[in-house]
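Okay, so here's the structure we're looking at.
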Amino acid sequence: MHGPALSAWLMLTLCGASGAYCLLRARRCAGEERGAAAGEAVMGFGMAAMALPAAVVTPPSWWWSVYAAVFGAAALHALVSVRRGGHHLHHLVGSLAMVHMAWPVQGAAHGAHGSGGGGGSAPLVTAVLLLYYVAYVLRSGARLVPVTVSTGAPAVASVTASTAPSAGGPAPAWAVRPEFTLVCRLSMALAMLAMLVAL
């Protein structure tokens, strides 16, 4: 069991670091980018909590109901915000994926057999989410590949990021670097893929 425990710790570290970066970014950005960064921080910390090895902490059976409720509320918030564009559709899919992953665990905690907490449609939903995240990871990875601009210098494909200063003054360079934001999103998408495969 050393292998699964090690991978769980690695995922916890990756998701926790991504959540911390997004939280710092939310404090230093403004407008839509601030809201997107806050949503990504919640997602990162939630995924880190889900990746925590069971040998360290065994949460009570009601924990997964709370987990599903929190990310269900996040999904509703993202659904309301989808009309404004931006990254809200991805947040909606991510929140629904977190709810989907919490149900089988909750079912197992209540004595259900197998991973059937999500019912007969669970494998289909998992397959659709896997396809979405594979496409997202490939697209995001391709956007990180340097492209040659007219000056001949390599540049990373741009990512939407607001450079508007927050109330605390202008945002530092690390908070508005589009490639940092993209790496954060890509890391969480890879972790989500790993969690979905394990269902």
Side-chain angles (χ1 to χ4, degrees), residues 1-27 36-75 77-78 87 90-118 122-141 144 180-199:
M1 298 298 284
H2 178 70
L6 178 61
S7 62
W9 281 114
L10 289 172
M11 199 168 310
L12 185 149
T13 303
L14 176 69
C15 295
S18 296
Y21 169 75
C22 292
L23 187 62
L24 290 171
R25 203 174 93 235
R27 292 181 51 142
E40 288 161 2
V42 170
M43 182 68 66
F45 290 133
M47 291 172 67
M50 189 174 269
L52 190 66
V56 176
V57 173
T58 302
S61 58
W62 53 263
W63 167 252
W64 298 109
S65 298
V66 173
Y67 207 87
V70 167
F71 281 98
H77 181 267
H87 214 63
H90 180 67
H91 290 169
L92 174 62
V93 174
S95 296
L96 291 174
M98 295 296 277
V99 172
H100 173 67
M101 289 188 293
W103 282 122
V105 177
Q106 181 188 17
H110 285 101
H113 296 290
S115 60
L124 177 61
V125 174
T126 302
V128 169
L129 289 170
L130 280 169
L131 287 173
Y132 172 82
Y133 276 100
V134 165
Y136 184 86
V137 164
L138 291 174
R139 180 175 169 265
S140 299
L144 277 175
F180 286 4
T181 301
L182 188 55
V183 165
C184 177
R185 291 172 178 166
L186 179 59
S187 299
M188 288 194 289
L190 284 167
M192 186 72 81
L193 255 179
M195 290 180 172
L196 287 166
V197 167
L199 278 182

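What you see is a predicted model; the values in this text were computed from it and never measured.
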Pair M50-M11, side-chain contact (heavy atoms from CB on, under 4.5 Å): steps then yes or no: CA-CA 9 Å; M50 189 174 269; M11 199 168 310; over 6 Å; no
Does some side-chain heavy atom of [Y] sit less than 4.5 Å from a side-chain heavy atom of [X]?
X	Y	answer
L96	H100	no
H91	M43	no
Y133	L190	no
V56	W9	yes

At their closest point, which heavy atom of [X] faces which heavy atom of [Y], and how far apart are they?
X	Y	value
L12	A51	N-CB, 3.9 Å
L182	S140	CD2-O, 3.7 Å
A75	L92	O-CD1, 3.2 Å
T126	L196	CG2-O, 3.8 Å
P53	A8	CG-CB, 3.8 Å
R25	A36	NH2-C, 4.4 Å

Hey, what do you get for [atom1] ([X]) to [atom2] ([Y]), rounding to the nearest 0.5 Å?
X	Y	atom1	atom2	value
H77	S95	NE2	OG	10.0 Å
L193	L131	CG	CG	10.0 Å
L52	C15	CG	SG	11.5 Å

Worked verdict on M98 versus M47 for side-chain contact (heavy atoms from CB on, under 4.5 Å): CA-CA 8 Å; M98 295 296 277; M47 291 172 67; 3.5 Å; yes
Before you tell me yes or no, could you show the steps for L23 and F45 under side-chain contact (heavy atoms from CB on, under 4.5 Å), namely the whole-Å CA-CA distance, both residues' side-chain angles and the distance that decides it to 0.1 Å? CA-CA 10 Å; L23 187 62; F45 290 133; 4.1 Å; yes
Anything under 30° is parallel, anything over 60° is perpendicular, the rest tilted; go ahead and classify F71 against Y67. tilted
Using 30° and 60° as the class limits, which term best fits the ring planes of Y136 and H90: parallel, tilted or perpendicular? parallel
